[in-house]
*Asks:* 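Attaching a single structure in structure tokens format; questions to follow.
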Amino acid sequence: MQLSAKVCAQEFNWEDYYITWDKPSKHSGESMPLGGGDIGLNVWVENGEILFYLGKSGAFDENNTLLKLGRVRLKLYPNPFEGTAFKQQLQVDKGQVVISGEHQGLKADVFLWVDVERPNVYVDVQANKKIEVEAAYESWRYKERFPKKRENNANSWKWAPPQEVVTKRDSIYTGDGKVVFFHQNTDSTVFDIVVRQQGMESVKDSLYNPLDGLISGGMLQSQGFTFVEQRSGKYMDTDYQAWVLKSKKPAAKHALQVSLHVAGPVSLADWQQQLEDLAYSKELKSRVKNRNLTWWRNFWDRSYIRIQPDQPHEGNKSWQVGRNYQLFRFMLAANAHGKYPTKFNGGLFTYDPSSIDSTMNFTPDFRNWGGGTHTAQNQRLVYWPMLKSGDFDMMPAQFQFYQRIQRNAEWRSKVYWGHGGASFTEQIENFGLPNPAEYNWKRPEDYDKGVEYNAWLEHQWDTVLEFCMMMLETANYNDADIRPYIPFIESCLRFFDEHYQYQAKKLGSKVLDQHGHLVFYPGSSAETYKMAYNASTTVAALKEVTRRMLSLSSAVVNDSLRTYLEEFQQKIPPLPTRVLNGKKMLAPAEIWARINNTEAPQLYGVYPWGIYGVGRPDMDIALNTFHDDPDVLKFRSHVGWKQDNIFAARLGLTEEAKKFTTLKLKNADRRFPTFWGPGFDWVPDHNWGGSGMIGLQEMLLQAVDDKLYLFPAWPIEWDVDFKLHAPQQTTVEGKLRNGKLIDLRVSPEVRTADVINMLGR
């Protein structure tokens with residue numbers, strides 16, 4: 001049965017997916033997200049005032065804290081938000097928040113939106129009477145601050161600062177109708193201390209340093225406003241200073257703009273000029289707004305999953321799963337064009353921490369697990385779902401993060417071990433060296449300088465390979481030119497080849513085992529199985545990345561590299577298995593010394609590597625692992641970065657996939673439905689949301705070789721409208737109603753023959 005596009009469009013009402021509040025918030029923990037480009041705002045109304053935090057990708061200070069760039073507070077006179085008629089609404093299809101109020105005959109609407117192409121935040125006020133507006137820029141970094149103990153989890157020092165930590169003060173000044181604010185990094189940063197700590201001073205001048213000369217800040221301004229005064233105050237746990245602008249005269253319409261800019265190394269004069277150029281566009285504002293609306297419309301058209309679209313209400317838990325999938329994708333779009341990847345531990349949407357943990361009376365800059373520190377196991381879960389959602393424009397931020405630090409990772413290999421290849425640890429700073437606390441200041445004198453002295457992270461090198469595969473998949477899904485990524489992927493593979501030959505030479509006289517395979521020891525299977533021999537995460541990753549590289553044309557992989565890869569492929573050992581209680585199953589490694597965490601890396605052969613699963617041979621081995629491995633059962637959960645929902649979907653286990661994905665994507669225990677966490681990390685927990693997205697996608701569509709398995713783990717009672725992306729630059733869209741597939745559309749059409757409907761009707 002074919003339905004016209006016109007009929008399909010009429011069936012869906014975007015307003016069902018709006019988040020609407022009819023009461024103001026109690027504090028910033030009850031904020032809603034808004035963003036675009038590489039700017040994220042937390043917006044809320046409290047005591048009749050509109051407040052929003054300013055977050056921007058890449059705003060790192062000397063301690064590698066990802067700074068909030070301040071807070072804006074708006075007040076209207078007379079105040080329409082003091083009455084009982086109130087509405088705050090996130091309109092996800094338009095990328096805007098609308099706040100409406102009525103009091104004593106005064107009606108007003110405030111529109112907030114972020115330009116997706118230029119780093120500008122717009123605030124438009126419209127009222128039925130002439131009113132005055134006050135806009136205050138608020139900063140808690142008007143003075144130096146001295147974070148202590150747990151507060152240093154927001155920066156790279158964590159629990160082990162080598163000296164007193166100082167958050168340097170910002171510079172703030174006012175002009176006619178504007179407030180300019182910025183944080184300028186001083187000459188000494190965490191980079192300098194970490195290089196010295198880790199014995200890399202001999203090559204320091206060759207290392208990439210993203211903190212050098214970095215300036216982060218912006219400008220609040222309006223032509224119709226003037227600076228009136230400076231004030232002091234305290235919000236939640238933190239004192240602040242406010243620089244107040246006020247409208248010059250009452251009017252029915254007011255407009256304000258906040259422009260944010262991060263650059264470095266750069267002189268202050270150049271940064272200020274760049275800020276002015278970004279802020280003052282010659283383009284008409286109406287045209288900017290229309291361009292923005294077009295971007296959001298295209299964003300939502302390229303992918304969606306809408307469950308039970310005919311029953312849109314909070315009490316419908318399955319509908320809620322689909323709605324929250326969309327909301328979290330909206331949050332990811334706030335950093336679509338960032339220089340830096342979306343952080344797993346809050347993205348751009350962190351806020352005052354005491355509303356999460358009452359003992360954390362810290363500034364709004366706080367987030368757990370660092371700002372400039374990137375944890376690959378967590379980051380990968382944020383980026384994998386972007387392939388099937390078609391959000392390819394968001395992925396280069398993560399890829400380029402690795403490319404920028406590739407040379408630093410190669411210097412690690414050369415300085416410490418005298419071999420080639422890029423050595424990436426699990427927790428890396430934005431300059432490619434291990435986090436200093438995890439590297440450990442109290443190391444044995446003869447301990448390998450290239451290895452973190454840390455029970456969780458030692459010898460864990462392989463998570464970078466998931467990003468290598470993502471790079472390769474962008475060609476598969478989007479026909480992207482991946483030639484710029486090939487040297488990076490080659491360097492990552494060479495590290496394993498050369499490092500484990502180096503290790504073998506240290507331990508014995510042969511570099512390969514009796515079968516001619518490399519010996520990956522000592523290794524680590526995720527953070528869980530330590531001192532591992534041939535960890536499954538390493539073996540599966542090397543097998544699949546090498547296989548995919550060899551499938552590329554000679555225009556991408558030249559003959560010399562191909563010959564090397566073919567020889568390397570022969571040296572990769574088989575994926576380890578074991579027999580427990582008479583059942584063969586996947587093993588986390590051939591052997592290991594201890595268990596240190598609660599991951600299930602024995603199932604990484606199922607996801608992300610796809611060696612086992614629906615449409616693959618020996619499915620019983622993977623099913624035995626899921627159902628009967630005692631560690632897998634003990635570690636099972638839906639919280640945070642747990643992947644049980646994904647494993648279940650990949651194995652065609654519909655009930656289990658439904659259960660764990662529903663737990664993942666149900667409303668968070670906070671006012672905004674997708675502010676999950678803290679889980680193992682922080683709020684909002686982006687790897688919680690990312691793993692939820694992956695699980696739902698895999699329940700709906702799986703790509704195995706040339707075949708596209710539709711509904712491989714989908715509950716037959718869940719009606720759904722969907723559009724997802726697949727390999728060979730394919731999109732698959734359709735509807736399921738009463739267990740029957742209707743209106744299937746596959747592009748290119750020739751791929752329709754490759755679709756296998758697992759529901760059979």
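For the single chain, residues carry numbers from 1 onward in sequence order.
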*Asks:* Taking the side chain as every heavy atom from C-beta outward, state whether Tyr604 and Leu575 have any atom pair closer than 4.5 Å.
*Replies:* no
*Asks:* Looking at every heavy atom in both Ala535 and Ala589, which two are closest together, and how far apart are they?
*Replies:* CA-CB, 3.8 Å
*Asks:* Per the side-chain hydrogen bond (donor to acceptor under 3.5 Å, both in side chains) rule, which among Thr373, Asn454, Thr375 passes with Glu438?
*Replies:* Asn454
*Asks:* Check for me whether the distance between the ring centres of Trp461 and Phe496 falls short of 6.0 Å.
*Replies:* no
*Asks:* Can a salt bridge be assigned to the pair Asp61 and Lys168 using a cut-off of 4.0 Å between side-chain N and carboxylate O?
*Replies:* no
*Asks:* Below 4.5 Å, heavy atoms only, C-beta onward: do Asn430 and Ile405 meet side chain to side chain?
*Replies:* no
*Asks:* Nearest heavy-atom pair of Val190 and Phe431: which atoms, and what distance?
*Replies:* CG1-CE2, 4.1 Å
*Asks:* Could you state the interatomic distance from CG (Leu260) to CG (Leu54), rounded to the nearest 0.5 Å?
*Replies:* 5.5 Å
*Asks:* Students often mix this up, so state it plainly: with edges at 30° and 60°, are the rings of Trp157 and Trp441 parallel, tilted or perpendicular?
*Replies:* tilted
*Asks:* Flag the pair His499 / Ser423 as yes when at least one side-chain heavy-atom distance between them is below 4.5 Å, and no otherwise.
*Replies:* no
*Asks:* Starting at CD of Gln197, measure out to CG of Asp192 and round the result to the nearest 0.5 Å.
*Replies:* 13.0 Å
*Asks:* Any side-chain to backbone donor/acceptor pair from Thr189 onto Leu211? Under 3.5 Å, distance only.
*Replies:* no
*Asks:* Start with the C-alpha distance between His725 and Leu387, add both sets of side-chain angles, then the distance that settles side-chain contact (heavy atoms from CB on, under 4.5 Å), and finish with yes or no.
*Replies:* CA-CA 7 Å; His725 294 247; Leu387 289 167; over 6 Å; no
*Asks:* Indicate whether any N or O donor in one side chain lies under 3.5 Å from an N or O acceptor in the other, for His337 and Glu117.
*Replies:* no
*Asks:* Donor-acceptor pair, Arg367 side chain versus Leu66 backbone, under 3.5 Å?
*Replies:* no
*Asks:* Taking Phe60's backbone N and O only, do any of them form a donor-acceptor pair with Asn185's side chain (distance below 3.5 Å, no angle check)?
*Replies:* yes
*Asks:* Classify the side-chain pair Asn368/Asn153 by whether it contains a donor and acceptor separated by less than 3.5 Å.
*Replies:* yes
*Asks:* Salt bridge or not between Arg594 and Glu458? Use side-chain N to carboxylate O under 4.0 Å.
*Replies:* yes
*Asks:* So which atom in Pro573 and which in Val539 form the shortest heavy-atom distance, rounded to 0.1 Å?
*Replies:* O-CG1, 3.1 Å
*Asks:* Is there a donor-acceptor pair closer than 3.5 Å between any side-chain N or O of Asn478 and the backbone N or O of Ala480?
*Replies:* no
*Asks:* Do Lys56 and Ser216 touch side chain to side chain, with heavy atoms closer than 4.5 Å?
*Replies:* no
*Asks:* Specify whether Phe182 and Trp271 have parallel, tilted or perpendicular ring planes, treating 30° as the upper limit for parallel and 60° as the lower limit for perpendicular.
*Replies:* tilted
*Asks:* Can you see which heavy atom on Leu348 is nearest to which on Ala334, and at what distance?
*Replies:* CD1-O, 4.1 Å
*Asks:* Run the numbers on Lys414 and Glu410 for salt bridge (charged side-chain N to carboxylate O under 4.0 Å, His left out), then give the verdict.
*Replies:* CA-CA 6 Å; Lys414 187 172 183 180; Glu410 290 170 343; over 6 Å; no
*Asks:* What heavy-atom pair brings Gly338 and Ala397 nearest, and what distance separates the two atoms?
*Replies:* O-CB, 3.2 Å
*Asks:* According to the interplanar angle, ranging from 0 to 90°, do the rings of Tyr533 and Tyr521 count as parallel (below 30°), tilted (30 to 60°) or perpendicular (above 60°)?
*Replies:* tilted
*Asks:* I would like to know whether Ser525 and Trp592 meet side-chain contact (heavy atoms from CB on, under 4.5 Å); could you show each step before the answer?
*Replies:* CA-CA 9 Å; Ser525 199; Trp592 57 92; over 6 Å; no
*Asks:* Under a 3.5 Å distance rule, please check whether Lys68 uses its side chain to pair with a backbone N or O of Thr350 as donor and acceptor.
*Replies:* yes
*Asks:* Check whether any side-chain N or O of Tyr439 sits under 3.5 Å from a backbone N or O of Lys449 as a donor-acceptor pair, and report yes or no.
*Replies:* yes
*Asks:* If you take the centroid of each ring, where Trp contributes its six-membered ring, are Tyr607 and Phe647 closer together than 6.0 Å?
*Replies:* no
*Asks:* May I have the step-by-step check of side-chain contact (heavy atoms from CB on, under 4.5 Å) for Asn408 and Phe424, ending in yes or no?
*Replies:* CA-CA 9 Å; Asn408 290 15; Phe424 289 105; over 6 Å; no
*Asks:* Under a plain distance cut-off of 3.5 Å, with no hydrogens placed, do Asn345 and Asn378 share a side-chain donor-acceptor pair?
*Replies:* no
*Asks:* Phe392 vs Tyr477 aromatic rings, parallel, tilted or perpendicular, using cut-offs 30° and 60°?
*Replies:* tilted
*Asks:* For Phe344, what residues pass the ring-ring contact (aromatic ring centres under 6.0 Å, His included) criterion, not counting sequence neighbours?
*Replies:* none
*Asks:* Whether the Gln728 and Asn476 side chains hold a donor-acceptor pair (N or O, under 3.5 Å, no angle test) is what I'd like checked.
*Replies:* no
*Asks:* Which residue in the set Trp641, Trp456, Trp688 passes ring pair (Phe, Tyr, Trp, His ring centres under 6.0 Å) when paired with Phe680?
*Replies:* Trp641
*Asks:* Take Glu201 and Lys204, measure what salt bridge (charged side-chain N to carboxylate O under 4.0 Å, His left out) needs, and give me the verdict at the end.
*Replies:* CA-CA 5 Å; Glu201 286 186 296; Lys204 182 178 179 180; 5.8 Å; no
*Asks:* Is it the case that the side chain of Gln198 and the backbone of Pro434 share a donor-acceptor pair, with hydrogens and angles ignored and the cut-off at 3.5 Å?
*Replies:* yes
*Asks:* Whether the Thr528 and Glu599 side chains hold a donor-acceptor pair (N or O, under 3.5 Å, no angle test) is what I'd like checked.
*Replies:* yes
*Asks:* Would you say Tyr340 and Asn335 make side-chain contact, with heavy atoms under 4.5 Å?
*Replies:* no
*Asks:* Do Thr537 and Asp462 get their side chains close enough for a donor-acceptor pair, meaning under 3.5 Å?
*Replies:* yes
*Asks:* Does a donor on one side chain sit under 3.5 Å from an acceptor on the other, for Glu426 and Thr463?
*Replies:* yes
*Asks:* If we count only N and O atoms by modelled type, under 3.5 Å, do the side chains of Gln377 and Glu527 hold a donor and an acceptor together?
*Replies:* no
*Asks:* Side chains of Asp497 and Lys571, heavy atoms from C-beta outward: is any pair under 4.5 Å?
*Replies:* yes
*Asks:* Strictly by modelled atom types, are Gln273 and Asp277 linked by a side-chain donor-acceptor pair under 3.5 Å?
*Replies:* yes
*Asks:* Please report the closest heavy-atom contact between Pro588 and Pro601, naming both atoms and the distance.
*Replies:* CB-CG, 4.3 Å
*Asks:* May I ask you to decide if Pro265's main-chain N or O and Asp212's side chain share a donor-acceptor pair within less than 3.5 Å?
*Replies:* no
*Asks:* How about Leu724 and Ser303: do any of their side-chain heavy atoms sit closer than 4.5 Å?
*Replies:* yes
*Asks:* Check for a donor-acceptor pair, side chain of Tyr500 on one end and backbone N or O of Pro522 on the other, with a separation under 3.5 Å.
*Replies:* yes
*Asks:* Between Phe495 and Trp417, how do the two ring planes meet: parallel, tilted or perpendicular, split at 30° and 60°?
*Replies:* tilted
*Asks:* Would you please indicate if the ring centroids of Tyr485 and Phe467 are separated by under 6.0 Å?
*Replies:* no
*Asks:* Is Ser691 reaching over with its side chain to a backbone N or O of Asn687, donor-acceptor style, under 3.5 angstrom?
*Replies:* yes
*Asks:* Taking the side chain as everything from C-beta on, heavy atoms only, tell me whether Met469 gets closer than 4.5 Å to Pro608.
*Replies:* no
*Asks:* Does the side chain of Glu429 pick up a donor-acceptor pair with the side chain of Ser156 at under 3.5 Å?
*Replies:* yes
*Asks:* Is the distance between the ring centroids of Phe399 and Phe488 under 6.0 Å?
*Replies:* no
*Asks:* Checking Asn440 against Tyr447: is there a side-chain donor and acceptor pair closer than 3.5 Å?
*Replies:* no
*Asks:* Could you walk me through whether Trp384 and Glu466 pass side chain to side chain donor-acceptor pair (under 3.5 Å), step by step?
*Replies:* CA-CA 9 Å; Trp384 273 121; Glu466 293 198 38; 2.7 Å; yes
